[in-house]
Undergrad: 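Here it is: the structure, laid out below.
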Amino acid sequence: MEEVPIITSTETTILAALSTLPPPQFSHLTHLISSLSHRHRRRLSSLLSSPTLFSLTLRHLHSLSLPQKSLLIARHLLSSLSLLAHSLHPTTNTTPPPPATANLRHLDSALLLLLLCEIRQHDPESLSNTPLPSWRSTLTNYISDTILTISTIPMSPNEIVIHYIETIAKCRRFVGVMGCGGGKEGREVAASVAAVVALPSVSGVVGRECVICKEDMREGRDVCELPCDHLFHWICILPWLKKRNTCPCCRYRLPTDDVYGEIERLWKVVVKVGGGGSNLGV
C-alpha cells in the first residue's frame, strides 16, 4: 500500500493562507518559489560535485554547536518565510531577500545540514555505517534520481508549492527540536533599527493622549506614528522599541533584527491570513 504523506499543522496553515491569493498573485509567488528552488538545487549539485567544497562545508558543520546549527536553519527558514509573508501581505514591512546577495557559505551549510537530516530520517544506518570520506558519494546517490528527474521533467506549479511548503515545515521542526537559541514564542525582542528609523513623524496632532506617558499631545512635541496608526511621543516610544517590537496599544509587531523573533512575527502573519482561507485550488 502506498504511504500517505502526513500533513502537519504548518502545512495546513500555509495552504489555508495561500488559498486567499488571487490567481495572478499565486502565479507570481509560484514563479518566485521556482526560481529560489532552482537556485538551491544548483547549489546542492555544486556542493556534491566538488570534493573540496563538500569537505570544507562538512567540516564547517562539524565545528558548529547545536545552537549555531539551529540558527543556521532559522536563517534559512526566515528567507522562505519572508518571501511567503510578503506575497500574502505586501504591507507587512518585509521584502524577500535578494538571492544573489545571500551568504553562500551559510546557504551551502544549511542545505547540507537539511540533506543530512533527511537521509538520517529516511535511512538511519546509511551514514552510520559509512566512513566520513564516503559521505559525499552516499548523499549523491541518495538524491541523484531526484535531481535528474527535476532537471529533465519540469515540476508543475502544484509540485513546486508543495515542495516549498514541506521545506518550511521541515525547517520549523528542526528549529523547534534543536533550537537552543531562545526561540520561545512570546518573548520580548527589540524592534529593528531600520524599522524604527523609517517610522514617520506627524504634526498637527492636538488633544490625543500618549498611552505611555499619559500626557496629551500638543504643538511643539515630536509625535511618531506606528504602521497600526497609533500615535506616541518620540521620546516615549523610543525606549519602548529598544526593548520590544510591539505597539503598546494593539500589539502590532514591527520587524526585528532577532532571527527567532522575526520568524515568530512573520509566522503570525501567515497564521492571520490563513485564518479565513478556503481550499487551495492548485
Undergrad: Roughly how far, to the nearest 0.5 Å, is the SG atom of C249 from the CG atom of L226?
TA: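 So the CG of L226 and the SG of C249 are separated by 8.5 Å.
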Undergrad: Considering non-hydrogen atoms only, spot the tightest contact between L64 and K69 and give its length.
TA: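 Scanning both residues, the minimum pair turns out to be O-CE, 3.5 Å.
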Undergrad: State the CD1-OG distance between I14 and S19, to the nearest 0.5 angstrom.
TA: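 Reported to 0.5 Å precision, the distance equals 12.0 Å.
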Undergrad: Using the rule that Ile, Leu, Val, Met, Phe, Trp and Tyr join whenever any side-chain heavy atoms are under 4.5 Å apart, tell me whether I212 and I235 fall into a single cluster.
TA: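 No.
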Undergrad: Looking at every non-hydrogen atom in both residues, tell me the closest pair between F54 and L112 and how far apart they are.
TA: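 For F54 and L112, the tightest heavy-atom pair comes out as CE1-CD1, 3.7 Å.
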Undergrad: Is the ring centre of H40 less than 6.0 Å from the ring centre of H163?
TA: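 Between H163 and H40, which both carry aromatic rings, the centre distance is not below 6.0 Å.
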Undergrad: So which heavy atom on L72 is nearest to which on H106, and how close?
TA: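 For L72 and H106, the tightest heavy-atom pair comes out as CD1-O, 3.6 Å.
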Undergrad: Quick one: does any side-chain atom of R136 pair with a main-chain N or O of L48 as donor and acceptor, under 3.5 Å?
TA: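 Checked: pair present.
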Undergrad: Step by step, work out the side chain to side chain contact (heavy atoms under 4.5 Å, CB included) result for V189 and Y260.
TA: CA-CA 9 Å; V189 293; Y260 295 97; over 6 Å; no
Undergrad: Between T57 (side chain only) and L53 (backbone N and O only), is there a donor and an acceptor less than 3.5 Å apart?
TA: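 Side chain of T57 to backbone of L53, a donor-acceptor pair under 3.5 Å: yes, one is there.
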Undergrad: Answer whether the closest heavy-atom distance between the side chains of P227 and L254 falls below 4.5 Å.
TA: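 Answer yes - side chains close enough.
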Undergrad: Would I119 and I143 count as a side chain to side chain contact (heavy atoms under 4.5 Å, CB included) if you check the C-alpha gap in whole Å, the side-chain angles of each, and the deciding distance to 0.1 Å?
TA: CA-CA 9 Å; I119 195 172; I143 68 169; over 6 Å; no
Undergrad: Are there more than 12 heavy atoms of other residues, nucleotides or ligands under 6.0 Å from atom NE2 of H62?
TA: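 More than 12 within 6.0 Å, yes.
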Undergrad: For the pair N245 (side chain) and P255 (backbone), establish whether a donor and an acceptor sit closer than 3.5 Å, ignoring hydrogens and angles.
TA: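 Absent.
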Undergrad: Does D108 pair with R43 as a salt bridge, N-O distance under 4.0 Å?
TA: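 Counted as a salt bridge, because a side-chain N and a carboxylate O are separated by less than 4.0 Å.
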Undergrad: Under the side chain to side chain contact (heavy atoms under 4.5 Å, CB included) rule, what do S63 and H60 come out as? Steps first, then yes or no, please.
TA: CA-CA 5 Å; S63 71; H60 174 62; 4.0 Å; yes
Undergrad: S109 side chain to R105 main-chain N or O, any donor-acceptor pair under 3.5 Å?
TA: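 Between the backbone of R105 and the side chain of S109 there is a qualifying donor-acceptor contact (under 3.5 Å).
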Undergrad: I'd like to know if the side chain of S55 reaches the main chain of T52, judged simply by a donor and an acceptor atom lying under 3.5 Å from each other, with no hydrogens or angles considered.
TA: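 The answer is no, because no donor-acceptor pair under 3.5 Å joins these two groups.
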Undergrad: Using side chain to side chain contact (heavy atoms under 4.5 Å, CB included), reason through H76 and L111 one step at a time and then give a plain yes or no.
TA: CA-CA 9 Å; H76 191 68; L111 293 174; 4.0 Å; yes
Undergrad: Could you check if a side-chain atom of S82 sits within less than 4.5 angstrom of a side-chain atom of L266, using non-hydrogen atoms only?
TA: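 Yes, close enough: below the 4.5 Å cut-off.
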Undergrad: So do the side chains of Q25 and S87 get within less than 4.5 Å of each other, counting heavy atoms only?
TA: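 Answer no - side chains too far apart.
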Undergrad: If you look at every heavy atom in E209 and K214, which pair is closest and at what distance?
TA: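 So the minimum-distance heavy-atom pair works out to OE2-O, 3.6 Å.
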Undergrad: Can you check whether H31's main-chain N or O pairs, donor with acceptor, with S35's side chain at less than 3.5 Å?
TA: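 It does hold such a pair.
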Undergrad: Within the side chain of W240, is there an N or O that forms a donor-acceptor pair under 3.5 Å with the backbone of T246?
TA: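 Here the side-chain-to-backbone pair exists.
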Undergrad: Examine L44 and L56 and state if one hydrophobic cluster contains both, with Ile, Leu, Val, Met, Phe, Trp and Tyr joined whenever side-chain heavy atoms are less than 4.5 Å apart.
TA: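 No, because L44 and L56 fall into different hydrophobic clusters, even though each may have its own neighbours under 4.5 Å.
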Undergrad: Would you please indicate yes or no on a ring centroid separation below 6.0 angstrom for H230 and Y252?
TA: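 No - the distance between ring centres of Y252 and H230 does not fall below the 6.0 Å cut-off.
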Undergrad: Mind checking the CG-CG spacing from L88 to L21? Nearest 0.5 Å is all I need.
TA: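 Result: 5.0 Å between the selected atoms.
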Undergrad: I'd like to check K170 versus E166 (side-chain heavy atoms, cut-off strictly below 4.5 Å). Are they in contact?
TA: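 They are not in side-chain contact.
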Undergrad: Between S134 (side chain only) and S137 (backbone N and O only), is there a donor and an acceptor less than 3.5 Å apart?
TA: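 Pair absent, no side-chain N/O of S134 close to backbone of S137.
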Undergrad: Under 4.5 Å between side-chain heavy atoms, chaining through other members, with only Ile, Leu, Val, Met, Phe, Trp and Tyr counted: pull out the rest of the cluster around V197, sorted by chain and number.
TA: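 Besides V197, the cluster holds V193.
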Undergrad: Return the CG to CD distance between L78 and E264, rounded to the nearest 0.5 Å.
TA: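 Here the interatomic distance stands at 12.5 Å.
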Undergrad: Does a donor on one side chain sit under 3.5 Å from an acceptor on the other, for S34 and Y164?
TA: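 Short answer, no.
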Undergrad: Minimum heavy-atom separation for F232 to C210, with atom names?
TA: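 Shortest heavy-atom separation between F232 and C210 comes out as CA-SG, 4.1 Å.
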Undergrad: Can a cation-pi geometry be assigned to R265 and W267, taking NZ or CZ under 6.0 Å from the six-membered ring centre and within 45° of the ring axis?
TA: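 Judged by the rule, R265 and W267 form no cation-pi pair.
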Undergrad: Under 4.5 Å between any side-chain heavy atoms of L81 and V269, yes or no?
TA: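 Not touching, per the 4.5 Å side-chain cut-off.
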Undergrad: So do the side chains of L58 and L116 get within less than 4.5 Å of each other, counting heavy atoms only?
TA: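 Side-chain contact under 4.5 Å: yes.
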Undergrad: As an exercise, state the distance from CD of Q68 to CG of L71, rounded to the nearest 0.5 Å.
TA: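 Interatomic distance, Q68 CD to L71 CG, rounded to 0.5 Å: 8.0 Å.
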Undergrad: Heavy atoms only: give me the nearest L77-C171 pair and the separation to one decimal.
TA: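 Closest approach of L77 to C171, heavy atoms only: CB-CB, 3.8 Å.
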Undergrad: Side chains of T10 and R172: is there a donor and an acceptor less than 3.5 Å apart?
TA: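 Distance-only check passes for T10 and R172.
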Undergrad: Counting N and O atoms only, with roles assigned by atom type, does the side chain of T256 sit under 3.5 Å from a partner on the main chain of A190, one being a donor and the other an acceptor?
TA: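 Yes, T256 side chain to A190 backbone: donor-acceptor pair under 3.5 Å.
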Undergrad: How long is the gap from CG on L84 to CD1 on I168, to the nearest 0.5 Å?
TA: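 Rounded to the nearest 0.5 Å, the CG-CD1 separation comes out at 5.0 Å.
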Undergrad: Examine distances only and state if a side-chain atom of T30 and a backbone atom of F26 form a donor-acceptor pair shorter than 3.5 Å.
TA: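 Flag set: sc T30 to bb F26 pair under 3.5 Å.
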